[in-house]
Amino acid sequence: MKKYTSVDDILNLNELLNLAKKIKANPLSNKYLGKDKTIGLLFFNPSLRTRLSTQKAARNLGMDCMVMNLNTEGWTLEFEDGTVMDGIASEHIKEAAKVISQYCDIIAIRCFPTLRDKEKDEEETVISSFVKYATVPVISLEGATEHPLQALADALTIEEYKKTERPKVVLSWAPHPKALPQSVSNSFVKIMKKMEVDFIITHPEGYELNPEITKGVPIEYNQEKAFKNADFIYAKNWSNYTNYGKIISEDPKWTISKRQMELTNHARFMHCLPVRRNMIVNDDILDSEASIVIPEANNRTYSAQTILTKILERLI
Amino acid sequence: MKKYTSVDDILNLNELLNLAKKIKANPLSNKYLGKDKTIGLLFFNPSLRTRLSTQKAARNLGMDCMVMNLNTEGWTLEFEDGTVMDGIASEHIKEAAKVISQYCDIIAIRCFPTLRDKEKDEEETVISSFVKYATVPVISLEGATEHPLQALADALTIEEYKKTERPKVVLSWAPHPKALPQSVSNSFVKIMKKMEVDFIITHPEGYELNPEITKGVPIEYNQEKAFKNADFIYAKNWSNYTNYGKIISEDPKWTISKRQMELTNHARFMHCLPVRRNMIVNDDILDSEASIVIPEANNRTYSAQTILTKILERLI
Amino acid sequence: MKKYTSVDDILNLNELLNLAKKIKANPLSNKYLGKDKTIGLLFFNPSLRTRLSTQKAARNLGMDCMVMNLNTEGWTLEFEDGTVMDGIASEHIKEAAKVISQYCDIIAIRCFPTLRDKEKDEEETVISSFVKYATVPVISLEGATEHPLQALADALTIEEYKKTERPKVVLSWAPHPKALPQSVSNSFVKIMKKMEVDFIITHPEGYELNPEITKGVPIEYNQEKAFKNADFIYAKNWSNYTNYGKIISEDPKWTISKRQMELTNHARFMHCLPVRRNMIVNDDILDSEASIVIPEANNRTYSAQTILTKILERLI
């Protein structure tokens, strides 16, 4: 694997999931693969799970970690070509990416979307620039339009908890007080399309994700109908894609509650976390046996370790 | 040891102090005890000694460290139960603590008191919530009402520097321009009550600490009288407990100077640091042979390493 | 080597450069020199290259790293002697430096100049205070008046890329929208004076650096004249020294472009980075074969590793 910035970078999901299971069963079995190798974890945004689980994964492989908050600890970066840098930005991504590539064997970056400039977000300006100019493999720790490490952890979790060959998986929009990225949902849709599942998306009318991504996936505006016989409910808020970055509904009927869960086939409840209690999902669901958000978060370590393993194997 | 969030968690202080001395004599003798184990150091507040000495202690035991400033690097946490999370907080402590427990073998947290909400502070909301929801041992790096790692370092320092079987130890309030927590003083009082010392507290009238904690300890409002024949002077400012979080005196007469130190039995001067020079204590005392604040700070490493050792021994 | 806070600390540059080349050829050959030793990297200011390359260098020697942003993660420090600490500063450098010395075997600090208080800057208050009070070796990660690790990397780069025994090296001022320190330029001048090079400085009249530092170095106000037959162009902005910290010119004619580079002997272009594109230097130069800013930044690792090696050898 040369890079992992999108679910599209997965060539063979089954192979990855099998490797992930092997790694999870024995996380320290490859403690020397990353010996004397360094990963740079670069954050433009807050992070709890990603920050800690990726470090953990790297250490499980014997790698050194250098963590940096680029906004506060480094220099403001310029991403435009040909600009006269007389403003706030002190350093061009061209230099930054090439320089960091000399200190790190792998570069991992988190950079959220603006949610204002759709074109710029869709170009994944920051991560794409790192991919373009870095001379080492690049991993997304969540970009403007995808969160591929989360998606791999989600797929592993479904693989572990499924009770039928072909479970029914529902991605359900849920309300949230702040405008959120579509990244987690996009990557989840992409990875579900690679799995043996009956996959359906439900959200209020007008909340369609990027149609290029959801192409071929049934969309059901009636949440209760969508939940029928579901084996997995994956809840997530996202801000509007058409009316880009806007909140057009905060309808509390969409909050996941007993009412909807009772329509399912004893479905498991999933969420990438952090989750707003009693906004996205009610306490009684999140605190019930149905919820697998905690083991799902645990799988972030093995998702990251799987990708690092695939990349390190190529580097050696 | 299952957790260390209060001096009350110490069952046998002598045993701990003996272990601390052994560790200090040979800090790297147990370099494999923490192999492949990770400690998460989570900070809600500034820290110099605690941040560095706890990392040092963990590395001395071969542990990996992941350091996080929760306020700026992570998500705002919610600690209330049953709330509709439509405000600033993005993540509930229930999820955060359980998730971090999957990446870390030990969780250590610093969270200062509000000094406004006495009840909330006394409940140690943050640390108690971590203890409640984490599935791994929790260590306080200073909470709302206690600083138990500091207290253990203080006890070790007194043990090392005492010249008599039963030294006289004085905890003296001293003025400070900012309202400070009572945590260091509370833990110091608690640990002194477990030691073979003549212990006395001196402060201006009205500056009584929590009476449940100081129960049985003589309180002397006349600082000079209290200092007579003392072997150790432990200076500390704290804000008012009754008139909670308020500053009711800045009386410079309470600043530790030659005048008071000359009344002692060549007492050693102690302070947890950081210390405001010429507010808490005059330069001539802090820069004199009497001051043992630097070796006291050094003992922070061995205090942390002792607690980590006790916890790791139980984990293996 | 006892400390490295100035190029003046270099006793034998040739020996250092030979060591640097040996280290670069085999960076992991001394992986046990720093075993069980810790470096504390303390930052008062932003840093990308220095932050990452110094960590990388320390890890190459087997050292543990503790990184701290002193302004946001620690306590505000007081540097004045005898002051009554009733203001913002919570901790005196005397205690801080002594305490950190107990947790770290080497202390490295970055602290930029105020560019307002010339006297204070020239005293290198922060780094000098650490040198004075720390009980372990101190390294500058860029101080108020020098950036000696950068200078050593620059010297190594010139050594690697020179095509003649005695190349002509030009330090050229270039425009910049913000007032910048003179540190990089000062250290570069100092180290060039120790090398077998024809060294000349060019800048607009009135932009003279500290004359004590540039003593004996030809200064040419005509940039084009200075560039003639040059083998290396080292571009850098600095704010005014006489009219301390002020910007008195933003003349775009000084931006390094083809026009000036064509006057040179196919000179290599150098800059410490971060560099403002099309302010300091035009894209076509920076993106051309002439530019060696990326390998120059790579040498930061070996410059740091050389200094750490010299210091560690003395510690053992």
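Quick caveat: nothing in here was measured; it's all calculated off a predicted structure. Numbers restart at 1 for each chain; the letters A, B, ... are given by sequence-line order, proteins then strands.
Ionic pairing of A:E15 and A:K310 is present here: one or more N-O contacts between side-chain nitrogen and carboxylate oxygen are shorter than 4.0 angstrom. Using a 4.0 Å cut-off between a side-chain N of Lys or Arg and a carboxylate O of Asp or Glu, A:E73 and C:R51 qualify as a salt bridge. Between C:E296 and C:R268 no salt bridge is recorded (no basic side-chain N to carboxylate O distance below 4.0 Å). Taking a cutoff of 4.0 Å between a charged side-chain nitrogen and a carboxylate oxygen, A:K94 and A:D81 qualify as a salt bridge.
With respect to chain A, the highest number of heavy-atom pairs below 4.5 Å among C:V293, C:V275, C:T301 belongs to C:V275. For chain C, the option among A:M68, A:K98, A:E78 with the highest count of heavy-atom pairs below 4.5 Å is A:M68. In terms of non-hydrogen atom pairs under 4.5 Å with chain A, the most contact-rich of C:N69, C:V67, C:N60 is C:N69. When each of C:M279, C:R49, C:R277 is checked for heavy-atom pairs under 4.5 Å with chain A, C:R277 comes out on top.
Contact of A:D86 with chain C is made through backbone and side chain together, with heavy-atom distances under 4.5 Å. Proximity to chain A (any heavy atom under 4.5 Å) is shown, for C:P274, by both the backbone and the side chain. Within the 4.5 angstrom heavy-atom criterion, no atom of A:S101 approaches chain C. With a threshold of 4.5 angstrom between heavy atoms, C:L286 approaches chain A through side-chain atoms but not through N, CA, C or O. Interface remark: A:L77 contributes no atoms to any contact with chain C (heavy atom separation under 4.5 Å). In this structure, the portions of A:M66 lying under 4.5 Å from any heavy atom of chain C include both its backbone and its side chain. Only the side chain of C:L28 comes within contact range of chain A, judged by heavy atoms closer than 4.5 Å. With a threshold of 4.5 angstrom between heavy atoms, C:N298 approaches chain A through its backbone and through its side chain. Proximity to chain A (any heavy atom under 4.5 Å) is restricted, for C:K31, to the side chain, taken from C-beta onward. Proximity to chain A is limited to the side chain of C:L273, based on heavy atoms less than 4.5 angstrom apart.
Checking C:N299 against C:E160 by side-chain atom types alone, a donor-acceptor pair falls below 3.5 Å. For the 3.5 Å distance criterion, the side chains of A:E123 and A:S128 fail to qualify, holding no donor opposite an acceptor. In this structure, a donor-acceptor pair under 3.5 Å is absent between the side chains of C:K258 and C:N282. A donor-acceptor contact under 3.5 angstrom links the side chains of A:T38 and C:K56, judged on distance only.
The aromatic rings of A:Y133 and A:H92 sit perpendicular, their planes meeting at an angle over 60°, well past the 30° parallel limit.
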